[in-house]
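Report on the following structure.
Each ligand, and each atom within it, is numbered from 1 in the order the structure gives.
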Amino acid sequence: MDAAPLRYSCFAIALHWVMALAFLLMLASGLVMANLDIPKSLQFQIYQWHKSLGVLLLLAFFLRLAVRLRARVPELPVRMKPFEKKAAKAGHFALYVWMIALPLTGWLVVSASPFGLPTIVFGWFEWPHIPDLAGNEPVSEFAETAHQWLAYAFIALIAGHVAAVVKHYLIDKENLLPRMGIGRAKGE
Ligand code: HEM
Ligand code: HEM
């Protein structure tokens, strides 16, 4: 068998960074539209934008999962201790769980909402609601709370993810960014 690659595949790298940017925009737009006192028309526009990008991220997740399961990934650095390897794998797994749980609960929020507003993805196509949920109060309350708390926990997960990369760079003198396409990997 060939040696394991030094970095993720080009496609996986592109997906990682495009989706990372998109998730950060989702967090920012969600926090602004749900918590700031902004004009109603602007709030409405941000809601439409948030729902549209969220639906695209829901679809992108399956592409990302397929790429992750099919392509070979670089092995974790040999100097990493076994518990660090376990923590890295668990952290990446959790990021995947959050990347699907957030859009699914968002979809549940709009499907169970008493307003029944359609989700038109960037004015391009209509994304259907989950059937038979419109106006269902218990589901609506559950979905809103779950979506909100998942989003807050996601911020903590992302912060931990970035902190791990920084810790490897500063303390272990190991730059992981080339593995995700930024700069050159050792031995390239
Ligand atoms: C904002 C949302 C982000 C998400 C959801 C995310 C998710 C992930 C996931 C799941 C992996 C594992 C590789 C895979 O299976 O695809 C990964 C790897 C990686 N991410 Fe992120 N990431 C995010 C942001 C960032 C940021 C801001 C940085 C900058 C420091 C970063 C740097 C890396 C690096 C260097 C790796 C490779 C780790 C390794 O050596 O294996 N990520 N990311
Ligand atoms: C893809 C990842 C997503 C992220 C990171 C995200 C993030 C957020 C955040 C941070 C909030 C504000 C929570 C608060 O402070 O109350 C929010 C609210 C909301 N999100 Fe998302 N969201 C995502 C996907 C979606 C999707 C796919 C939809 C619908 C199709 C959606 C619909 C909503 C709605 C309707 C609210 C307002 C809920 C309320 O008024 O309590 N979100 N989202």
Side-chain angles (χ1 to χ4, degrees), residues 4-9 11-36 43-44 46-61 64-65 67-69 71 73-77 80 84-85 88-113 115 117-121 127-130 140-141 143-155 157-169 172 174-183 185:
L6 295 174
R7 53 172 76 215
Y8 287 87
S9 71
F11 194 42
I13 290 171
L15 274 175
H16 173 270
W17 291 113
V18 171
M19 286 176 78
L21 177 66
F23 276 116
L24 293 178
L25 291 172
M26 288 302 289
L27 287 168
S29 58
L31 290 174
V32 167
M33 73 191 196
N35 301 295
L36 291 193
Q43 189 190 38
F44 179 79
I46 302 179
Y47 263 88
Q48 300 316 308
W49 190 89
H50 183 87
K51 294 195 296 174
S52 297
L53 187 59
V55 165
L56 294 186
L57 279 168
L58 173 64
L59 299 174
F61 174 84
R64 175 131 181 213
L65 187 65
V67 169
R68 180 63 178 77
L69 295 177
V73 299
E75 271 163 27
L76 289 170
M80 261 168 106
E84 281 184 322
K85 288 189 179 173
K89 284 184 184 156
H92 291 166
F93 184 78
L95 283 164
Y96 273 92
V97 172
W98 258 253
M99 282 193 277
I100 185 64
L102 266 163
L104 282 182
T105 50
W107 189 19
L108 204 54
V109 172
V110 289
S111 302
S113 158
F115 305 116
L117 288 176
T119 300
I120 318 282
V121 179
W127 181 255
H129 287 162
I130 304 167
S140 173
E141 270 176 28
E144 277 188 14
T145 311
H147 193 62
Q148 185 182 3
W149 285 103
L150 280 167
Y152 297 159
F154 194 44
I155 296 174
L157 267 178
I158 295 169
H161 179 59
V162 173
V165 175
V166 173
K167 181 252 176 204
H168 280 284
Y169 186 74
D172 307 331
E174 182 109 49
N175 186 1
L176 297 177
L177 284 174
R179 295 157 62 85
M180 237 347 137
I182 298 193

Inset, instruction - Output the list of atoms in ligand 2 that are nearer than 4.0 Å to some heavy atom of Asn35, sorted by atom number. - result: 14 (C), 15 (O)
Legend entry - atom 12 (C) of ligand 2: nearest protein contact (heavy atom, Å): Gly30 O, 3.2 Å
Inset, instruction - List the closest protein heavy-atom neighbour of atom 15 (O) of ligand 2: residue, atom name, distance to the nearest 0.1 Å. - result: Tyr152 OH, 2.8 Å
Inset, instruction - Answer with yes or no whether Trp98 contacts ligand 1, where contact means a heavy atom under 4.0 Å from a ligand atom. - result: no
Inset, instruction - Output yes when the distance from some N or O of ligand 1 to some N or O of Arg64 is under 3.5 Å, and no in every other case. - result: yes
Inset, instruction - Return a yes/no value for His147: is any of its N or O atoms, backbone included, closer than 3.5 angstrom to an N or O of ligand 2? - result: yes
Inset, instruction - May I ask you to list the atoms of ligand 2 that are less than 4.0 angstrom from any heavy atom of Ala34? - result: 12 (C), 14 (C), 16 (O)
Inset, instruction - Heavy-atom contacts with Gly54 under 4.0 Å: which atoms of ligand 2 show up? List them by number with element. - result: 27 (C)
Legend entry - Candidate with minimal heavy-atom separation from atom 16 (O) of ligand 2, of His129, Glu141, Met26, Gln148: Gln148
Legend entry - atom 7 (C) of ligand 2: the protein heavy-atom neighbour that sits closest, reported with distance to 0.1 Å: His50 CE1, 3.6 Å
Inset, instruction - May I ask you to check if ligand 1 and Tyr96 share an N or O to N or O distance below 3.5 Å? - result: yes
Inset, instruction - Ignoring hydrogens and angles, state whether a donor on the side chain of Tyr152 or Gln148 is under 3.5 Å from an acceptor on the partner side chain. - result: yes
Legend entry - Met33 to ligand 2, any heavy atom closer than 4.0 Å: yes
Inset, instruction - Would you mind checking which non-hydrogen protein atom is closest to atom 38 (C) of ligand 2, with the distance to 0.1 Å? - result: Val109 CG1, 4.2 Å
